[in-house]
Participant: 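Once you've had a glance at the structure underneath, I'll fire off some questions.
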Amino acid sequence: MQITFHPEINFEAISAEYQHDKRVRVQSLIPMDQAEQVYNSLSKEAPYKLALLRDGRPTTLADNEWKQLPDNQKQSLHTETMQNAAKGIGFIYGRYQLSNQKEPIANLAALHQWLNSEEVLSWVREMSGHQDIVAASAQATRYTAGQFLTRHMDTHSTEQRRLAYVLSFSPNWHPDWGGLLQFYEKNGTPRDAWAPGFNTLSIFDVEHIHSVTYITPFSLTPRLSVTGWFRATPL
Ligand SMILES: O=C(O)CCC(=O)C(=O)O
Ligand SMILES: [Fe+2]
C-alpha cells in the first residue's frame, strides 16, 4: 500500500489554523480505505510491548516477559506506577516502534515511510517554519483501560524534536472513556482537550504541555494511534 494525503485536504486552512497557537487537528488525513488498513494492522497485527517506568527508568516489557514476572514483581510495578502517577510522573501504555523492525508490518511500514516522504516533511516544514526538520519517528500506541501518560513536554536533548504528532485510529470513541489529549498552561491549568478520532491528525509544537488522560474502566475499545515527532536529526 502507498499512503497518500486525502484528496480533499485544505492545506491553506490547516496552516492558518496552526499559526494561531502552533497546533492543529486535521480530520481525514488519508483516504478512508488506507486508514482502515492501518487500523486493521494496529488492532490485529502490532505486537505491543508494555511501556512504563521501572525503578524510575523508562522500560518496555513484552507480553511474555510480563506474564513470566512473579506476582510480587507485578504488584510492585503496579504500585510504583500508581505512586509515580499520583505525583504526576510516568505512564503505562502499549508501544510498538515502527522503525528498525526486522519483520515490519507492511501497512505500518508504509505509513512510516510516507511520514518520512518529502511530500509530508516539506508540508510540515512549511506549516511550522521549522526548516530543519529531516525525519519523523513513529510508534504505534495502544492505551487500554487503566492506562495513561501524565503531563509532560516532548522536548528532547538529542533528537531535536520540533513537532509532536498523533494520528488517531479509534473509531467511535466516547469522550467519557478518557484518553483525551489534554493541553495545559505552563502553570498546570488545564486548557482544552482533543478526543481520539479516526484518521485524525493532531500536530503541535513540542513546547505545548500535554497528557493522555486516564482510560476509564468502562471504555469498550483500545485507544490506537501512530505517534511520534518531526525532528531535526535523522532517524
Ligand atoms: O497519544 C497521544 O495523544 C499523545 C502521546 C504523547 O504525548 C507522547 O507519546 O509523548
Ligand atoms: Fe507527548
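In each ligand, atom 1 is the first atom listed, and ligand 1 is the first ligand listed.
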Participant: Please answer whether the main-chain N or O of Asp55 pairs with a side-chain N or O of Glu80 as donor and acceptor at a distance below 3.5 Å.
Facilitator: yes
Participant: Would you say the rings of Phe183 and Trp194 are close, in the sense that their centroids are separated by under 6.0 Å?
Facilitator: yes
Participant: Give the atom name of whichever N/O/S atom in Asp154 sits closest to the Fe ion (ligand 2).
Facilitator: OD1
Participant: Taking the six-membered ring of Phe230, is the NZ or CZ of Arg162 close enough (under 6.0 Å from the centre) and on axis enough (within 45°)?
Facilitator: no
Participant: Between ligand 1 and Ser225, is the shortest N or O to N or O distance under 3.5 Å?
Facilitator: no
Participant: Can you tell me if Trp229 has a non-hydrogen atom under 4.0 Å from ligand 1?
Facilitator: yes
Participant: How does Trp194 reach ligand 1, if at all, at less than 4.0 Å between non-hydrogen atoms: by side chain, backbone, both, or neither?
Facilitator: neither
Participant: Please check this pair: side chain of Ser168 against backbone of Ser225, looking for a donor-acceptor N/O pair closer than 3.5 Å.
Facilitator: no
Participant: What about Tyr93: any of its N or O atoms under 3.5 Å from an N or O on ligand 1?
Facilitator: no
Participant: Consider every N or O of His152 and every N or O of ligand 1, then say whether any pair is closer than 3.5 Å.
Facilitator: yes
Participant: What about Tyr48 and Tyr93, are their ring centers closer than 6.0 Å?
Facilitator: no
Participant: Check this for me: does any side-chain nitrogen of one of Asp192 and Arg23 sit under 4.0 Å from a carboxylate oxygen of the other?
Facilitator: yes
Participant: When you measure from atom 6 (C) of ligand 1 to each heavy atom in Leu149, Leu181, Asp154, which option holds the nearest one?
Facilitator: Leu149
